[in-house]
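Heads up, the thing below is written out as structure tokens.
Because only heavy atoms are used, hydrogens play no part in the values below, and waters and symmetry mates are left out as well, while side chains stay in. Residue numbers begin at 1 in each chain, while the letters A, B, ... track the order of the sequences.
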Amino acid sequence: MAKALNGTKENPYLAHLPPDQRRTGSSTPPTVKEPLFGFLPRKVKGDQVRRAMEGDVNPFTKRPLSAQYKKILDSRKKLPVFTQMDEFYNTFSENQVIVMVGETGSGKTTQIPQFVAYSDLPHTKGKLIACTQPRRVAAMSVAKRVADEMDVQLGKHVGYSIRFEDMTEPGTTFLKYMTDGMLLREAMNDPELQRYSTIILDEAHERTLATDILMGLLKDVAKRRKDLKLIVMSATLDAMKFQKYFGNVSSKDSGSAPLFKVPGRTHPVEVFYTQEPEPDYVEAAIRTVLMIHRAEDPGDILLFLTGEEEIEDACRKIKAEADDLMNQDPEAVGPLTCIPLYSSLPPQQQQRIFDPAPPPRVEGGAPGRKVVVSTNIAETSLTIDGIVYVVDPGFSKQKVYNPRIRVESLLVSPISKASAQQRAGRAGRTRPGKCFRLYTEKDFMTELEEQTHPEILRSNLANTVLELVKLGIKDLVHFDYVDAPAPETLMRALELLNYLAALDDEGNLTALGSIMAEFPLDPQMSKMLIVSPEFNCSNEILTIVAMLSVPNVFIRPPNARREADLAKAALTVPDGDHLTLLNVFNSYKQNIHDKNWAWTNYLSARALAQADNVRTQLERIMERFDIELVTTQDQRKFYENIRKALVCGYFMQVAHKEGEKGSYLTVKDNQVVALHPSCGLETQPEWVIFNEFALTTRPYLRTVTEVRPEWLLEMAPSYFDLTTFPDGETKRALVRVQNKKMGKLPRAIDGQDQRAKKKQKKS
DNA sequence: GAGCACTGC
């Protein structure tokens with residue numbers, strides 16, 4: 001039974017004080033101001049909390065509360081969640097798991113964790129409350145806001161934890177905002193998550209890979225740890241699914257976790273559909289933007305398109321046509337600025353979306369208008385105030401995974417209803433707005449999926465499977481997924497991990513696999529990094545891995561392609577793109593004091609700095625496992641050793657040249673591919689390993705390095721076991737290599753191959 | 001002779 005904070009022996013609030021300072025056994029009210037007097041952990045009522053919040057002393061720090069605190073408190077009281085505090089405490093006190101629905105503007109992300117703090121009193125027990133976010137910026141900015149609201153310094157009682165930045169103070173921080181991926185990492189080393197009293201999964205409806213895995217883990221942990229509470233916060237449409245999923249955590253629950261619902265605070269948005277389907281959505285979008293500009297009241301426009309090129313193109317066209325309109329009728333049509341927005345834009349240029357709309361061209365003339373043309377980034381990650389009109393063609397680029405050929409690629413696909421709703425909502429942030437959907441109402445009702453498929457169904461799961469095995473989940477097929485991935489996707493992941501020797505034939509984690517899981521990398525990369533000291537090139541592989549983990553460093557402006565290509569050629573290593581990446585990074589470090597070096601060489605300084613950061617992080621992990629950092633002293637072997645180490649990780653991503661036209665076949669999967677035009681190889685070697693299979697205008701291999709076939713046989717004998725290898729030209733080439741290696745004379749191909757050859761001739 | 005939706009460890 002929980003005891004109240006009233007000065008009895010069990011008073012956990014005083015446990016940190018020396019015994020003589022504890023007011024034990026006394027029935028007289030405390031002489032010191034104690035804002036949390038009488039608080040029973042997890043039995044707290046709304047009126048108690050409100051009284052504590054209204055006091056003069058910070059209940060958590062015992063310091064006097066500032067005037068700023070009072071001011072923020074007044075604005076907090078106006079939030080919809082705040083008015084439902086009593087209901088929240090009733091639900092929270094009585095249930096281990098609750099699902100909460102809080103629409104945009106309800107204040108759930110900032111308020112609920114604070115409410116929980118008053119109930120859990122985590123600071124008295126050395127525990128923490130965690131609130132996960134899918135994005136780093138959100139974790140950081142919300143933590144800052146909540147620290148202000150609680151009148152504490154960010155990083156003390158309230159902090160955040162994201163990759164590369166831990167803004168928490170052990171022993172002091174009791175409320176921690178963090179990325180979902182970060183909590184998943186923590187779970188790998190503390191599967192019971194003992195540090196936490198309550199875990200809040202925010203934005204669960206986004207269904208990121210990490211949130212989905214956390215839901216499965218936490219459901220299980222909650223069954224074992226009855227003291228752990230969970231709050232799953234989501235948008236309306238998904239709530240029921242989560243309620244059912246968490247329904248059987250406690251035996252007394254009747255198959256459905258309770259729902260706590262808080263309305264949002266947004267303005268109405270009127271939605272319009274087209275009468276007929278639009279054959280060309282970009283053209284229709286441009287037309288609609290111009291129609292709004294001509295005919296609608298002042299207010300900024302947000303247009304959703306799918307990618308960089310499409311956006312830049314549309315911006316040019318909108319600008320040109322809007323200028324025409326204004327010149328034809330300067331009285332009626334105001335000036336228009338068109339601002340592109342996508343993630344690979346430098347942050348400074350992304351800031352332009354917050355610029356005000358242009359003023360009228362002449363005094364008293366038609367007002368100006370701002371049009372933001374954006375990818376999905378404006379759907380969740382970035383909020384632009386002042387948007388009144390949204391134009392939604394109904395498409396976005398989405399990741400899809402094909403386990404059959406093991407290829408992850410981006411495809412332009414129709415969005416979901418939930419996504420369309422989210423987009424429309426962007427028009428109602430500051431005042432009532434309008435949303436123009438460039439598809440018919442019927443298509444909306446019948447063609448669009450309710451929800452975007454969760455990421456777990458659209459991804460290669462090699463990494464996730466390794467993490468799960470490290471977490472002690474043996475039976476991956478029967479893991480309690482919210483949505484189970486395709487069995488074939490799991491099979492592919494297990495197969496890859498087995499070939500990499502991260503898992504043994506029974507699916508158990510090997511010592512190597514255990515170390516691999518510690519690296520925030522794809523298993524192929526952690527494998528080659530771990531084995532690289534054997535080839536005397538761990539310094540170099542570390543750099544290559546870091547470079548492969550950040551966005552493309554090569555910049556190619558449309559108006560300076562030739563110059564950019566020349567700059568790149570000067571840094572190119574002809575044996576392979578991986579080696580070029582190494583060379584670029586080393587040159588960057590050598591010229592680190594020349595601030596213009598990256599710019600003059602058409603390289604992204606931001607991506608290079610990021611690579612440096614990643615490299616440092618990985619280096620620390622290597623140190624922890626005593627993986628040496630070494631460099632080959634024999635210059636003649638320098639590149640060869642690196643290429644051998646690359647094979648140790650990427651032997652399943654090999655292509656063999658077939659014919660003379662530069663066409664390649666991927667080994668075993670037999671996909672016809674070409675080297676990407678950005679590839680820097682000076683010849684077309686017979687054997688290459690590749691980092692990426694890209695499905696764009698046609699299938700391409702990106703980031704390619706030449707390898708020798710005898711290395712394949714040597715480094716990955718089980719994968720290249722010729723007795724089980726599928727017949728074909730690739731196998732015949734490998735047989736020739738093997739025969740030569742074994743000192744045999746070149747001889748006629750064996751019977752099996754004869755048959756294959758005959759078959760090939762026929763077709 | 002192309003392009004990189006977005007996020008995360």
Side-chain angles (χ1 to χ4, degrees), chain A residues 132-139 161-166 178-189 203 206-214 304-313 341-345 374-382 395-400 408-413 415 419 422 452 454-456 458-459 463-464 466-467 470 516-523 525-526 545 549-558 561-562 564-565 568 604 607 610 613-614 617-618 620-621 662 674-680 692 694-703:
Chain A
T132 68
Q133 299 291 322
R135 283 167 292 279
R136 302 157 50 110
V137 271
S161 178
I162 59 178
R163 187 184 187 183
F164 302 125
E165 206 180 345
D166 183 11
M178 65 204 301
T179 46
D180 49 10
M182 202 71 198
L183 186 60
L184 193 55
R185 284 270 141 191
E186 281 189 12
M188 278 190 351
N189 293 311
E203 315 287 3
E206 288 194 27
R207 305 291 304 276
T208 65
L209 199 40
T211 296
D212 259 33
I213 299 298
L214 280 171
F304 285 101
L305 291 178
T306 64
E308 173 174 345
E309 207 174 291
E310 202 175 81
I311 286 169
E312 293 291 355
D313 200 43
L341 178 63
Y342 42 86
S343 74
S344 59
L345 225 44
S374 173
T375 61
N376 250 6
I377 192 171
E379 197 179 298
T380 47
S381 306
L382 276 170
F395 293 96
S396 69
K397 271 194 196 169
Q398 285 164 34
K399 185 168 72 180
V400 288
E408 232 181 31
S409 52
L410 288 172
L411 280 184
V412 174
S413 328
I415 60 170
S419 214
Q422 178 73 14
T452 310
E455 202 182 358
I456 196 169
R458 298 184 283 121
S459 306
N463 224 335
T464 306
L466 183 58
E467 280 167 6
K470 173 95 181 187
M516 282 168 65
E518 296 287 331
F519 286 91
L521 295 169
D522 280 343
M525 283 205 244
S526 47
V545 164
S549 304
V550 300
N552 188 8
V553 296
F554 298 104
I555 297 171
R556 204 162 176 255
R561 286 194 187 159
R562 239 179 66 85
D565 289 350
K568 185 178 174 189
S604 161
Q610 223 174 317
N613 200 358
V614 171
Q617 185 194 23
L618 298 175
R620 287 208 192 103
I621 301 173
L675 302 186
H676 194 273
S678 66
C679 170
E692 194 186 351
L695 266 176
T696 52
T697 46
R698 54 186 285 206
Y700 281 117
L701 302 182
R702 237 188 262 149
T703 315

### Query
Which comes earlier along DNA chain B counting from the 5' end, the contact point of A:R561 or that of A:S381, where each point is its nearest nucleotide?
A:R561
### Message
Pick the closest DNA chain B nucleotide for A:L695 and for A:T375 by heavy atoms, then say which residue is nearer the 5' end.
### Response
A:L695
### Query
Ignoring hydrogens and angles, are the base of B:dA2 and the side chain of A:R702 linked by a donor-acceptor pair under 3.5 Å?
no
### Task
Quick one: pull up CZ in A:R185 and CD in A:E518 and give me the separation to the nearest 0.5 Å.
7.0 Å
Counting any heavy atom closer than 4.0 Å, what does [X] reach on the DNA or RNA strands: base, sugar-phosphate only, or nothing?
| X | answer |
| --- | --- |
| A:T380 | nothing |
| A:R135 | sugar-phosphate |
| A:D565 | base |
| A:F519 | nothing |
| A:Q398 | nothing |
| A:I162 | sugar-phosphate |
| A:S396 | nothing |

Nucleotide nearest [X] (side chain, heavy atoms from C-beta), chosen from [options]:
| X | options | value |
| --- | --- | --- |
| A:M182 | B:dA5, B:dG1, B:dC9 | B:dC9 |
| A:E308 | B:dA5, B:dG1, B:dC9 | B:dA5 |
| A:H676 | B:dC9, B:dA2, B:dC6 | B:dA2 |

### Query
Looking at residues at least two apart in the chain, or sitting in another chain, which of them share a side-chain contact (heavy atoms from CB on, under 4.5 Å) with A:E455?
A:T208, A:L209, A:K399, A:R458, A:S459
### Query
Do the side chains of A:L701 and A:C679 get nearer than 4.5 Å, heavy atoms only?
no
#### Entry: Heavy-atom closest pair, residues A:K397 and A:G307
NZ-CA, 4.4 Å
### Message
Counting only side-chain nitrogens and oxygens, does A:R698 get under 4.0 Å of the OP1 or OP2 atom of B:dG1?
### Response
no
